[in-house]
Amino acid sequence: MCGIVGYTGAKAAGELLLGSLELLEHRGYDSVGIACRDSETDEICIQKCVGRVRDLKMVCEANPVHSTCGIGHTRWATHGGVYEKNAHPHQCGKVTIVHNGIVENYRELIEDYNLQGVLRSETDTEVVAALMDVYYEGDAETTIKKVVRKLRGTFALVMMFEDKPGVIYAIRNVSPIVVAKCEDGMMLASDLTALGNFTKEYFVMPEYSILKLEPNTMSIKDMDGNEVEPEMLKLDWKVSELGKNGYPFYMEKEIMEQPNAFYETIKTRIDKGLPNLLGDGVPDSLLTDCKRICIVACGTAMHVGLVTQALVKSVLQMHIDVELASEYMYSDPVIDQDTLVIAVSQSGETVDTLEAVKYAKARGAKCMAVLNVRGSSISRVCDYVLYTEAGPEIAVASTKAYTTQLAVMFMLIAKMAQLRGVMTEEEVKTYIAELQKVPEKMKAILDRRSEIHVIAKEVLESKDLFMIGRGMDYSILLEGSLKLKEVSYIHSEAYASGELKHGPIALITEGIPVVALVTQRKIMSKELSNIKEVKARGANVVLFIKEELGAQLKEDYNVVMLPNLEDKFMVFPAVVALQLLAYYVSSDKGFDVDKPRNLAKVVTVE
Ligand code: AGP
């Protein structure tokens with residue numbers, strides 16, 4: 001949640017902060033603000049408003065501040081409604097602050113320090129600023145240490161002190177901060193997308209260390225005052241990848257990028273037709289010795305787990321659980337040294353997933369992560385990390401992360417099948433050869449996206465919509481349904497079609513749209529029976545079906561043919577069709593597809 005940025009150097013701070021906040025808006029966009037130190041008067045000027053960065057730009061144009069040092073914030077409301085008074089930055093006395101995270105004990109702090117009288121907002125952040133001001137007597141680092149020791153919760157705090165011109169301080173616990181030395185100064189942000197235009201090298205701020213940024217230098221000290229040397233990382237994204245490249249929305253761009261992203265993700269993991277994970281540092285013993293697998297993730301990443309579960313059971317005949325990361329710690333999971341916990345996450349910052357991994361690790365599990373962002377928090381707590389090569393995913397609705405995470409999972413399963421002797425070398429080569437066809441099959445459905453657009457127009461005005469299928473089709477539809485919900489606000493529900501007659505079919509009324517998915521030959525006849533049941537009750541059925549299964553059904557249904565792959569690989573063309581459906585419904589409704597209401601790209605609060 002929340003996008004944070006800070007800059008101190010030779011450039012015009014206001015313009016740079018606003019431009020960077022635009023790149024961070026996917027992290028939250030209820031309200032936005034910047035605090036810039038006026039170069040003439042040294043005064044800290046705060047400009048903030050409800051709405052988007054474009055709205056704040058108009059405020060700043062009307063009241064320009066000449067400054068080379070400032071901090072900025074784009075908000076996803078946690079404490080306090082979406083009002084200007086709750087927008088960051090917050091200023092109390094000599095302290096100006098922006099924050100990403102949740103301070104759980106802020107109410108106690110208000111009581112303990114009798115802060116009621118100085119607070120003007122409903123936020124936990126302002127309480128931190130007020131507490132800093134209570135302790136501040138000129139020594140910023142001592143003040144920060146004293147206050148942070150009293151905070152419970154997660155935080156990325158970035159602040160300026162009235163009598164420290166040109167200097168920015170920061171400290172974090174769980175919530176991310178990345179830092180870079182740029183050509184004309186020093187910069188920090190809550191994620192890499194804000195740094196991509198300024199640097200090719202960065203570091204992740206260590207937790208509970210105090211960062212001090214000055215125009216041409218910086219220092220990091222731990223809580224005992226010892227200097228900390230940061231671990232520098234290479235920014236492996238090309239700046240061009242950060243733009244929309246001519247598409248109206250990032251979501252469309254990222255859907256279209258999937259064939260290439262998929263290819264980039266598997267190409268280095270195939271050696272003479274066989275899976276090779278040595279480049280990922282995954283020892284064979286990890287894959288042969290584990291007795292259970294548990295996937296922990298949220299949202300789309302959790303749906304990757306469901307498809308993986310279907311494959312692990314069918315290909316490896318292994319026991320595998322898929323757990324909602326936000327439920328995991330409270331569900332008394334069975335964890336031991338034979339458990340391989342796999343965290344799946346695009347951002348590598350989802351705090352539910354991060355905390356689930358820490359919980360499993362503390363109980364002896366070996367932890368692996370499938371991530372898209374190098375150096376992210378989850379990568380730093382796992383024993384093994386396999387990266388997707390999707391490039392930056394900006395749209396809140398995750399698309400290419402899903403297909404590239406599955407690409408990694410398909411490779412992992414192939415490797416395990418080979419090592420465990422469940423598949424012969426020839427069978428593994430056949431499996432890998434089929435996997436290598438996926439990009440062209442995804443492209444085939446992308447080339448026919450106008451067909452999907454026609455379907456989208458038919459469901460545009462729906463309030464409710466069902467998606468029905470069995471087995472892996474059901475798992476795929478859970479993802480398709482989330483996409484549609486997220487970006488179009490249609491109340492879409494995915495149901496195991498065999499379950500409909502046990503209650504939900506009561507909701508099937510005349511004309512209600514039902515999207516059916518049929519890609520698995522072994523359950524096709526049952527799925528078609530369930531489709532007939534809803535059609536008999538007036539449903540308006542759109543059937544997405546694997547081409548070789550659907551030839552005779554064109555007369556009976558509104559059919560979208562999906563390019564043929566072996567059944568277990570059909571998730572790829574199927575999900576691309578469902579992503580496109582969601583995208584077109586949202587864009588035809590005139591919504592801001594990339595920034596759906598109430599959502600943020602990275603959920604860094606529990
Ligand atoms: C998916 O479209 C959503 N944006 C959301 O469910 C997302 O998948 C979830 O928050 C997990 O994010 P992560 O992959 O960065 O951990």
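One is the number of the first residue; the rest follow in order along the sequence. Remember, it's 1-based here, ligands and their atoms both numbered in the order they're listed.
The side chain to side chain contact (heavy atoms under 4.5 Å, CB included) test applied to Asp592 returns Arg52, Phe249, Asp594, Lys595, not counting sequence neighbours. Contacts of Pro283 classified as side chain to side chain contact (heavy atoms under 4.5 Å, CB included), with partners at least two apart in sequence or in another chain: Ser285, Leu286, Tyr384.
Put simply, the side chain of Thr403 reaches to within 4.5 Å of the side chain of Phe572, judged on heavy atoms. Side-chain contact between Val174 and Glu355 is present, with heavy atoms from C-beta onward closer than 4.5 Å. With contacts defined as side-chain heavy-atom distances shorter than 4.5 Å, the pair Val515/Phe544 qualifies.
Ring pair Tyr584/His453: centre-to-centre distance below 6.0 Å.
Taking any N or O of Lys601, backbone or side chain, none lies under 3.5 Å from an N or O belonging to ligand 1. For Val396, a nitrogen or oxygen atom sits less than 3.5 Å from a nitrogen or oxygen atom of ligand 1, counting backbone and side chain alike. The shortest N or O to N or O distance between Thr353 and ligand 1 is not under 3.5 Å.
If you check which protein heavy atom lies closest to atom 6 (O) of ligand 1, you get Gly299 CA, 3.2 Å. Scanning the protein heavy atoms around atom 12 (O) of ligand 1, the nearest turns out to be Thr350 OG1, 3.4 Å. Considering only non-hydrogen protein atoms, atom 11 (C) of ligand 1 sits nearest to Cys298 O, 3.5 Å. Counting only heavy atoms of the protein, atom 15 (O) of ligand 1 lies nearest to Ser347 OG, 2.7 Å. In terms of protein heavy atoms, atom 14 (O) of ligand 1 is closest to Gln346 N, 2.7 Å. In terms of protein heavy atoms, atom 10 (O) of ligand 1 is closest to Val603 CG2, 4.0 Å. Of the protein's non-hydrogen atoms, Thr300 N, 4.1 Å is the one closest to atom 7 (C) of ligand 1.
Contacts of Lys483 with ligand 1, taken as heavy-atom pairs under 4.0 Å, involve the side chain alone. With a heavy-atom cut-off of 4.0 Å, Glu486 touches ligand 1 through its side chain alone.
Each of the following atoms of ligand 1 lies closer than 4.0 Å to a heavy atom of Ala397: 2 (O). Numbered from 1 in the order shown, with element, the atoms of ligand 1 that lie under 4.0 Å from a heavy atom of Ser398 read 1 (C), 2 (O).
Residue Ala401 places every heavy atom at 4.0 Å or more from ligand 1.
Between Tyr359 and Tyr328, the ring-plane angle classifies as perpendicular under the 30° and 60° cut-offs.
The structure places OG1 of Thr353 at 9.5 Å from CG of Leu324, a figure rounded to the nearest 0.5 Å. A distance of 12.0 Å separates CG of Leu412 from CG of Leu406, quoted to the nearest 0.5 Å. Between the CG atom in Leu24 and the CG atom in Leu192 there is a gap of 10.0 Å [rounded to 0.5 Å].
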